[in-house]
Amino acid sequence: MRKMTAKFIMPIMALLAVLPLKSQDYIKFGRIDPVYMTMETCPFDSAATAFFIFNEQSCMTSYYKTTARYSSDGTMTDGPDYQNNIHIHRAIKILDNSATDWGNYSFVINTKLDKIGSFKGFTYNMEDNKVVKTKLERNQVIFEEAGPNSERIKISMPQVKKGSVIEFELNITSQNFYSLGPFPLQFTIPVEKNILVVKTLEYYNYNRISKGYFGMAPAFSQTTITVPIDIVEQEFNGRTRTDSKITYLERTEEYNLDKVPAFPIEAYLTTPKNYLASIRFELAFTKFPNSAQKHFNSSWESLNKVLLEDGNFGLQLKNTGFLADLASELKAAHTDQTDLARACFETVRDRITCNNKTGIFCDKSIREVLKNEEGDVQGINLLLTGLLREAGIQAWPVILSTRGNGLIQPIYPSIEDFNYVICLAEVNGKRLLMDASDKYLTVNLLDPICLNDRGRIVDQTKTGWIELTNTENSYKRSVVWDVEFGEDGVALARVSETYEDIAAYRQRDRIRDEGGFDKYIEDKSNPDNGYTIRTSGVENLEELTQPLRQTLEIELDKGYMQGDLCLFLPLFTEALSENPFKLRKREYPVEFNYPMTEKVLIRTKIPEGYRVESLPPNQTCILPGGGAVYGLKITSRDNEIVAEYDFQMKRMLFTVDEYSSLKEFYRKVAESQNESVVLQRVAE
């Protein structure tokens with residue numbers, strides 16, 4: 001602890017006296033109403049597979065040291081200190097076996113600031129008309145590294161099954177006073193009772209950042225709190241003790257929400273956390289007695305300054321002289337600036353292996369990343385930024401929030417909103433976005449997880465926002481099928497597919513994850529479901545700037561021959577099986593991962609001895625404003641059924657008000673693709 005003289009004792013004690021002495025249990029552990037043990041449905045949502053009986057959360061700060069000690073020269077050697085006390089207490093009723101995963105709980109703590117105080121849990125089951133309690137044991141709690149200075153705790157409640165009631169309590173102490181929460185108030189299962197209590201004091205002023213569409217109206221109150229302080233001073237002839245006290249206003253916010261509905265998950269949702277009801281508190285400023293008001297990240301400019309001055313971020317780019325020789329070598333081989341930028345990117349991408357850790361701040365210096373040829377995402381892309389600068393190309397780091405991490409809230413700047421770093425270069429007036437952490441990415445092609453609205457440029461003079469979708473980040477796929485029916489009614493399809501941009505990246509990534517092309521084909525083939533791949537081939541698997549081409553010979557045994565009829569979908573397995581949008585009313589936007597263009601041409605030879613009885617009608621659909629366009633044309637010519645399918649999704653985001661139009665658009669698409677071609681056997 002920094003040493004201070006006695007004359008500063010009152011301001012120090014005022015600063016330290018931040019919250020009441022202890023946290024409060026609003027629901028006593030183990031007091032589960034017996035009525036829940038035999039309950040078979042949620043009392044306010046008959047479709048629920050599980051529900052929270054209660055979700056109790058509180059956050060308050062208390063002293064764990066209330067003594068100030070001074071040496072004989074008046075220097076403080078030890079002083080009062082405090083910590084945040086976070087209390088989580090939950091009980092869940094399991095109504096169906098499909099909901100037993102609610103017995104697994106996972107959370108991440110900061111190993112420098114947070115500490116698990118205590119935890120306990122029981123699973124309650126009815127056996128022979130008696131309640132049987134199974135205790136959560138310590139070996140059912142797993143601790144894993146989750147990144148620099150972070151640890152993931154996984155808890156698996158025992159004996160969870162249909163009919164169980166789970167009760168779990170966790171206490172965490174924390175030295176993080178900058179950010180409180182987030183505190184979730186809504187889940188994908190309903191909550192019968194929500195209690196959230198947050199107590200702060202008059203010296204700490206927080207911004208409240210709420211999410212979701214469920215209304216939250218807290219009750220506010222304030223109370224005068226007195227904290228006794230014991231002052232121990234070391235004199236030449238011994239020690240003296242005196243008593244002191246601090247009096248301040250404690251501010252309380254209490255949220256009581258009953259019967260919170262389940263959040264309905266539907267297709268094309270970036271992450272539920274953008275819309276699930278929750279609240280987080282971020283420190284805006286402090287104002288202690290006899291001290292000036294101090295602001296924290298009050299603007300994007302101040303956040304930018306913090307990042308530039310951080311040793312694990314901005315200062316990494318202050319001394320990049322160790323990259324001079326490599327930059328000179330690349331400049332000698334590439335005189336064109338665009339080619340040079342691409343060469344810098346490919347050098348870092350191909351030389352450095354990513355350990356798949358993400359964040360904003362580097363775990364190791366970029367010099368170490370280069371030396372060890374291994375690093376996290378942020379270290380790799382800061383290294384790329386430094387190499388580009390050494391090569392004479394303007395380049396800047398860009399921080400962003402991945403789709404799974406949620407949207408950046410623009411009103412209250414917060415570093416905690418960001419979890420990924422990429423690089424921006426500018427060559428001949430053209431912007432190039434780059435992520436050298438993935439071996440299958442190219443210049444201006446980002447992983448779809450990064451296509452999340454905007455990123456923020458971090459620089460002394462160029463700081464600002466940049467759109468992340470104004471690049472080559474679109475999905476492009478075209479496919480041609482030639483189909484013939486054998487005498488046994490089995491269809492043989494020769495398929496040629498071309499993937500470009502994101503489509504190529506995703507397909508290459510899929511093949512890599514499967515362990516190679518042969519393993520990918522082996523897993524894709526499914527004879528038991530009438531889908532057998534007989535032969536296959538791939539081109540440009542490693543030529544990343546070229547379209548990926550894939551050829552397949554597929555045997556389809558789907559029972560097409562039915563008596564004198566031959567029935568098949570004109571798009572076969574390319575057809576959309578159902579409308580992905582089913583909600584009567586969607587309370588959150590539809591968020592597609594990327595713009596998409598897909599073209600499908602399928603030529604099916606009419607079997608000998610058959611004629612066309614009927615064809616599905618042609619269909620054309622255009623969303624209002626042209627955000628999506630669909631066309632299906634089916635014709636019979638030259639003894640073939642020809643199906644031509646064109647689809648364009650031009651926008652990534654559709655508002656709540658546009659949902660009904662989008663739902664109707666997809667209804668027409670699905671219906672048109674699931675009408676069969678009917679062929680009739682010709683009488684001999």
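These numbers come from the heavy atoms of this one structure, side chains and all, not from hydrogens, waters or symmetry mates. Starting from 1, each residue takes its place in the sequence as its number. No experiment lies behind these values; they were computed from the predicted model shown.
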No-hydrogen, no-angle side-chain donor-acceptor test under 3.5 Å, [X] and [Y]:
{"X": "E368", "Y": "S365", "value": "yes"}
{"X": "T655", "Y": "E658", "value": "yes"}
{"X": "T111", "Y": "E151", "value": "no"}
{"X": "Q648", "Y": "T597", "value": "no"}
{"X": "E374", "Y": "T353", "value": "no"}

Does the ring center of [X] lie less than 6.0 Å from the ring center of [Y]?
{"X": "Y666", "Y": "Y630", "answer": "no"}
{"X": "Y594", "Y": "F592", "answer": "no"}
{"X": "F581", "Y": "Y268", "answer": "yes"}

Q: Apply the side chain to side chain contact (heavy atoms under 4.5 Å, CB included) test between K439 and each candidate in R512, E542, R508; give the one that qualifies.
A: R512

Q: Check T385, L382, L383 against C423 for a side chain to side chain contact (heavy atoms under 4.5 Å, CB included) and give me the one that passes.
A: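 Of all the options given, the one that passes is T385.
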
Q: Determine whether W481 and E574 make a side-chain contact, defined as any pair of heavy atoms from C-beta on separated by less than 4.5 Å.
A: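 The answer is yes; the side chains approach within 4.5 Å.
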
Q: Using a 4.5 Å cut-off on heavy atoms from C-beta on, say whether the side chain of P595 contacts that of M649.
A: no

Q: Could you pull out the closest heavy-atom pair between V458 and L308, with the gap in Å?
A: CG1-CD2, 3.9 Å

Q: Report yes or no: is the cationic atom of R651 (NZ for Lys, CZ for Arg) closer than 6.0 Å to the six-membered ring centre of F654, at no more than 45° off its axis?
A: yes

Q: Step by step, work out the side-chain hydrogen bond (donor to acceptor under 3.5 Å, both in side chains) result for Y505 and D438.
A: CA-CA 10 Å; Y505 167 74; D438 191 315; 2.7 Å; yes

Q: Taking only Lys NZ, Arg NE, NH1 and NH2, and the carboxylate oxygens of Asp or Glu, determine whether E497 and R477 approach each other closer than 4.0 Å.
A: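 Salt bridge: yes.
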
Q) Quick one: do E301 and K305 make a salt bridge, cutoff under 4.0 Å? A) no

